[in-house]
Each structure stands twice: as structure tokens, then as C-alpha cells.
Amino acid sequence: MISEQLTEIYRLLFDRLGPQHWWPGQSQFEIITGAILTQNTSWPNVEKAITNLKAADLLTPEKLYRLDTAALAEFIRPAGYFNIKAKRLKNFLNWLFDNYDGRLTNLENVGTGQLRAELLAIKGIGPETADSILLYAFNRPVFVVDAYTARIATRHYLIEPGADYEQLRQLFQFNLPPQPQLFNEYHALLVRVGKNWCRPKARCADCPLNKLPHNPNPEYL
Ligand code: SF4
């Protein structure tokens, strides 16, 4: 049963690695901003961009909505692709102000399916970003997947190689109890495994999952 395999993976990872304390961010809007800025860059660069916004006392929807896009791009320069990311942040803010009076609290009563669809319709917000916002900022039971998830899941025979984002999300989301805290921790643990052990060239010898059936064959990248 897939659900039992997923539960066993979680148990092995949590027992060995403990809680990962995701997602860093002191407010809902900081988490959203981080989720948009982290595309194609490392987290320390995102932190520098967020520090710039905080230092200028700009990290609120209202203030960033009113800020010129070019000025916003300068503040977030450390995150890389800063012109594109400034536009993406603005796209999110325009949607928030056009539809929800600029208030994140007005999203609390929107159903998860509808909110996900609306986020995905914003230019520059892809599935991983939308799901990170839903899970980490709004505590919705949506599983976030990424390249690490794909690699580990295929190498452990949970899904066929080449599965797309939606197939991976459904694999985890529909075979685990719908608990945001579980999804939060599970994703963070998989990222840790992907970074430390399940690299393109797998380091199975010391991996917490090496007692489970797996195939680190390069075809399962
Ligand atoms: S490194 Fe090996 S044991 Fe660890 S998750 Fe990858 S395939 Fe599995």
C-alpha cells in the first residue's frame, strides 16, 4: 500500500532527522514573498532580499503595492532575476488588491481548490510556488513537491520516472492524512534527503531510507 510506504518513509526520516522548522518567516506576507522570491535561487539570497525590504519597512502588501516596480526590483536584487521577480510580486499584489481589497485575511474563507486555481492563474506563479503559499502561509493541506521529491519517489518505486508535478502532488496528498503540519514536515525532510544523500549520484550507504527497497539507478533522476 502506498500510504503505508509513505508513512514508513516519514517515520524513518523524522526519527533520524527530527523537525526541520520550516518555513522561515515572521508573517504570512513574509512567507508569501519568500515563496515567490525563492524560485531559481538559494534561500540565503532570498533572506538578503527580505532583509532589504524589512530594513526599509516595506514588507507589507500595502507598501509593496504602492512601490514602483523598478524600485522594488532594486530592493530584491540579491534574490536574482530581480526584474522578473518584482513583476511576479506585483502580479500577486495586483490580484490581491483587485479581488480581495488587499487583505490576506480576506483569503481565509476562500476554499482551498478555488484559492489554488486563482493563485495558479497569476502570471509567474507556478504550482510549487502556489502550493508553498497555500501550505506555509495559509496552513492548507496541500502537499508541495519538487525535484527532490520526484527523485526520491521514483528511486523508491512510488511512481513512474517522468511523473509530472500534479501526479507527484496527488501521490503524497491523497495517500497521507490531510494534515498541514505533516505535509510541512514531510516536504522539508525530503528536501533534506535530496540535498544530503539522494543527489543525482546517490549516497545510499548512509541515507536514512537505505533499508527500504530502492534503485539509485541514474535513469531514476
Ligand atoms: S540516497 Fe538511496 S536510499 Fe537515500 S533516498 Fe536516495 S535512493 Fe533512497
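Just so it is clear, the model here is predicted, and its values are computed rather than measured. Because only heavy atoms are used, hydrogens play no part in the values below, and waters and symmetry mates are left out as well, while side chains stay in. First listed ligand is number 1; within each ligand, the first listed atom is number 1.
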Aromatic plane relationship, H187 with F143 - under 30° parallel, 30 to 60° tilted, over 60° perpendicular |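 Answer is perpendicular, since the angle exceeds 60°.
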Closer than 4.0 Å to some heavy atom of [X] - which atoms of ligand 1 meet that?
| X | value |
| --- | --- |
| N210 | 3 (S) |
| R155 | 7 (S) |
| L209 | 3 (S), 5 (S) |

If you draw a 6.0 Å radius around OH in Y10, do more than 12 non-hydrogen atoms from other residues or ligands fall strictly inside?
->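 Above 12, so yes.
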Between Q39 and T129: side-chain donor-acceptor atoms closer than 3.5 Å =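 The criterion, which ignores hydrogens and geometry beyond distance, is satisfied for T129 and Q39.
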Would you please say whether a donor-acceptor pair under 3.5 Å links the side chains of Y186 and Q181?
-> no
Considering non-hydrogen atoms only, spot the tightest contact between L135 and R140 and give its length.
-> CD1-O, 3.3 Å
Provide, to 0.1 Å, the distance between [atom] and the closest protein heavy atom, together with that atom's residue and name.
| atom | answer |
| --- | --- |
| atom 2 (Fe) of ligand 1 | C204 SG, 2.3 Å |
| atom 5 (S) of ligand 1 | H156 NE2, 3.4 Å |
| atom 4 (Fe) of ligand 1 | C207 SG, 2.3 Å |

Taking 2.8 Å as the cut-off, does an N/O/S atom of C198 lie below it from atom 6 (Fe) of ligand 1?
-> yes
Close side-chain approach of H156 to P213, heavy-atom, < 4.5 Å |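 No - every pair of side-chain heavy atoms lies 4.5 Å or more apart.
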Of all the atoms in H214, is at least one N, O or S atom closer to atom 8 (Fe) of ligand 1 than 2.8 Å?
-> no
